[in-house]
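Beneath this line is the structure, given in structure tokens, with notes to follow.
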Amino acid sequence: MTAPAPLLDRLRAAGATVRLVGGRPRIHAPVALPPDLLAEARANREALIEALAPPAANDRAPIAQDAAGPVVPCARCGGGAWWRASGYAGAAGPGSWVCSRCWPAPAGTWVDACALPEAPR
């Protein structure tokens with residue numbers, strides 16, 4: 001199944017925040033979304049889950065980085081904001097860098113952050 005990037009873009013353009021909560025896509029918007037957009041999101045639920053779920057660590061392509069973090073835009077979306085689970089969160093060490101546009105950090109997660117200029121869209 002392909003990731004519904006245009007659908008995610010339209011949801012976000014309408015002001016919605018789309019995240020996985022308990023493995024299910026949750027859409028929050030400050031105003032009511034058009035019924036046809038919500039129907040499309042419901043019809044593409046599995047594709048949304050696939051698009052929003054971060055890849056397993058062994059599925060991620062190596063990311064060029066320096067001591068401060070990644071130095072390249074996300075290969076998937078061109079974004080330049082990255083996060084990783086912080087070593088201060090009780091983990092054995094910091095996690096792998098993840099694009100914050102493609103896979104926003106779960107609420108309450110202690111993260112390290114890194115940003116670079118984004119590629120033009």
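Everything numeric here is computed off the predicted structure, so don't read it as measured data. Nothing fancy with the numbering, it's 1 onward along the sequence.
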Residues that Ala41 engages under side chain to side chain contact (heavy atoms under 4.5 Å, CB included), provided they are two or more places apart: Leu11, Ile27, Leu48

Sub-4.5 Å side-chain heavy-atom contact between Val18 and Arg26: no

Of all pairs that satisfy salt bridge (charged side-chain N to carboxylate O under 4.0 Å, His left out), the ones with a partner from residues 30-39, not counting sequence neighbours: none

Residues which pass side chain to side chain contact (heavy atoms under 4.5 Å, CB included) with Ala29, listed by chain and number, not counting sequence neighbours: Ala16, Leu33

Flag side-chain contact, heavy atom, 4.5 Å: Leu37 against Arg10: yes

Check against side-chain contact (heavy atoms from CB on, under 4.5 Å), Leu7 and Glu40: CA-CA 8 Å; Leu7 173 57; Glu40 184 178 355; 3.8 Å; yes

Residue list, salt bridge (Lys or Arg N to Asp or Glu O under 4.0 Å) with Arg19, at least two apart or on another chain: none

Candidate pair Cys99 and Trp82, rule side-chain contact (heavy atoms from CB on, under 4.5 Å), full reasoning: CA-CA 5 Å; Cys99 174; Trp82 300 86; 4.2 Å; yes

Donor-acceptor pair, side chain of Ser100 and main chain of Trp83, under 3.5 angstrom: no

Atom CZ of Arg12 with >12 non-hydrogen neighbours under 6.0 angstrom: yes

Pairing residues for Arg42 by the side chain to side chain contact (heavy atoms under 4.5 Å, CB included) criterion, not counting sequence neighbours: Leu38

Nearest heavy atoms of Gly15 and Pro30, plus distance in Å: O-CD, 3.2 Å

